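Structure first, then comments.
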Amino acid sequence: ERLMHDDMLKKRCRCIPKIYDHGMVQANDGKEHFAIVMELLGQSLSLVRRSWEGSAFPFKLALTIAQHLIVCICTLHRVGYVHRALKLSNFCLSHPSTNMDNLYILDFGFARKVIINCDHVLERNGKLQFCGCSLYASIQTHRHRDLSRRDDMWSMLYIFVEMLYGKLPWSKAAKQK
């Protein structure tokens, strides 16, 4: 929730969709859930990738997309946040009706503020609960260690491999677990 109120992040990161409202809502089953009302976006990059022949992007397109994704993540890092759950389905294109070519990053449920006052990095010690998607998680994540910007970049590398080859080499092993 802190992330949604971070004005510096909203001003500097055009990769984050506009959030119109958020809060707790009661579902039909009587349980309360956190809900976000945000601008309408297009397809996720995961869906777009699956629509390509062989479920993989051509090298030049994958490289161009990766450059845009890295700019998004670096902007998020520059204002002090780590996403901690990056995967291809957490990136979306602009909605076709907007006539814009922009990529957006979604799902900040595991995001954490790690930098305060420009240079102080918050760290947690001890064994932590696993967060994110095991397919795209860094070694540190699998070891239940505190995650940093470095771990987001490892996830970006795995995303790039998936864009190039249509799947990750360890996809079958992860499904069997």
Side-chain angles (χ1 to χ4, degrees), residues 1-22 34 36-52 55-116 118-119 121-122 131-141 146-168:
E1 186 164 332
R2 181 189 316 163
L3 188 126
M4 284 184 250
H5 295 294
D6 194 323
D7 291 329
M8 183 195 291
L9 181 63
K10 290 178 195 172
K11 289 175 188 170
R12 291 183 62 189
C13 191
R14 67 182 206 118
C15 302
I16 295 178
K18 290 179 190 151
I19 308 281
Y20 297 111
D21 199 5
H22 68 280
F34 187 76
I36 298 173
V37 180
M38 64 182 197
E39 71 179 292
L40 182 62
L41 300 175
Q43 288 187 320
S44 74
L45 285 181
S46 181
L47 287 174
V48 174
R49 179 195 52 82
R50 281 186 245 146
S51 69
W52 281 79
S55 293
F57 291 132
F59 181 78
K60 190 172 180 179
L61 178 59
L63 191 59
T64 301
I65 292 170
Q67 288 173 326
H68 287 285
L69 299 182
I70 289 170
V71 167
C72 288
I73 296 307
C74 287
T75 304
L76 189 67
H77 291 169
R78 227 175 281 118
V79 294
Y81 287 91
V82 176
H83 190 278
R84 303 192 313 165
L86 294 172
K87 56 186 176 182
L88 208 50
S89 60
N90 281 346
F91 292 95
C92 285
L93 300 171
S94 301
H95 191 270
S97 67
T98 63
N99 295 324
M100 290 177 56
D101 290 331
N102 198 15
L103 288 170
Y104 293 92
I105 184 170
L106 305 173
D107 194 356
F108 293 95
F110 289 117
R112 185 168 82 92
K113 183 93 169 159
V114 292
I115 299 177
I116 306 217
C118 298
D119 61 357
V121 178
L122 298 173
C131 67
C133 177
S134 61
L135 273 177
Y136 306 91
S138 70
I139 300 289
Q140 292 293 94
T141 308
D146 198 15
L147 305 184
S148 67
R149 295 171 284 191
R150 168 196 60 223
D151 301 290
D152 277 353
M153 298 315 286
W154 274 107
S155 296
M156 290 302 303
L157 174 64
Y158 303 153
I159 288 169
F160 184 62
V161 169
E162 183 182 30
M163 287 191 295
L164 285 175
Y165 296 102
K167 62 181 179 180
L168 292 168

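Bear in mind that the values here come from a model prediction, so they are computed numbers and not experimental data.
- Here Cys92 contributes atom SG and Leu103 contributes atom CG; the two are 9.0 Å apart, rounded to the nearest 0.5 Å.
- Looking only at side-chain heavy atoms (C-beta outward), Tyr104 and Cys15 stay at 4.5 Å or farther from each other.
- Atom CG of Leu61 is separated from atom CH2 of Trp52 by 5.0 Å, given to the nearest 0.5 angstrom.
- By the 4.5 Å heavy-atom criterion applied to side chains, Ile36 and Tyr20 are not counted as neighbours.
- Note that NE2 of His77 and CG of Asp152 are 3.5 Å apart. Values are rounded to the nearest 0.5 Å.
- In this structure the side chain of Ile105 reaches within 4.5 angstrom of the side chain of Ile73, judged on heavy atoms.
- Counting non-hydrogen atoms of other residues, nucleotides and ligands closer than 6.0 Å to CZ of Phe160 gives a total above 12.
- Smallest separation of non-hydrogen atoms from Leu69 and Phe91: CD2-CD2, 3.2 Å.
- Scanning both residues, Met156 and Ile70, for their nearest heavy atoms gives CE-N, 4.0 Å.
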Please list, one pair per line, the donor and acceptor atoms closer than 3.5 Å that link side chains of residues 42-49 to other protein atoms, with sequence neighbours excluded.
from	atom 1	to	atom 2	distance (Å)
Ser44	OG	Ser46	N	3.4
Ser44	OG	Leu47	N	3.2
Ser46	OG	Arg50	NH2	2.6
Arg49	NH1	Ser55	O	2.9
Arg49	NH1	Gly166	O	2.7
Arg49	NH2	Glu162	OE2	3.4

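- The shortest distance between side-chain heavy atoms of Leu76 and Phe108 falls below 4.5 Å.
- Tested against Tyr136, the residues Asn90, Leu168, Leu86 include a single side-chain contact (heavy atoms from CB on, under 4.5 Å) partner, Leu168.
- Ring geometry for Phe34 against His22 counts as tilted: the plane angle lies between 30° and 60°, on a 0 to 90° scale.
- Leu106 and Met38 get closest at one heavy-atom pair: CD2-CE, 3.6 Å.
- A heavy-atom distance below 4.5 Å is not found between the side chains of Tyr158 and Leu135.
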Evaluate the criterion ring-ring contact (aromatic ring centres under 6.0 Å, His included) for residue pair Phe110 and His83; output intermediate values, then yes/no.
CA-CA 6 Å; Phe110 289 117; His83 190 278; 8.7 Å; no
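- Pairing each heavy atom of Leu164 with each of Ala62, the nearest pair is CD2-CB, 3.7 Å.
- For the atom pair CG (Leu63) and NE2 (His68), the distance works out to 10.0 Å, reported to the nearest 0.5 Å.
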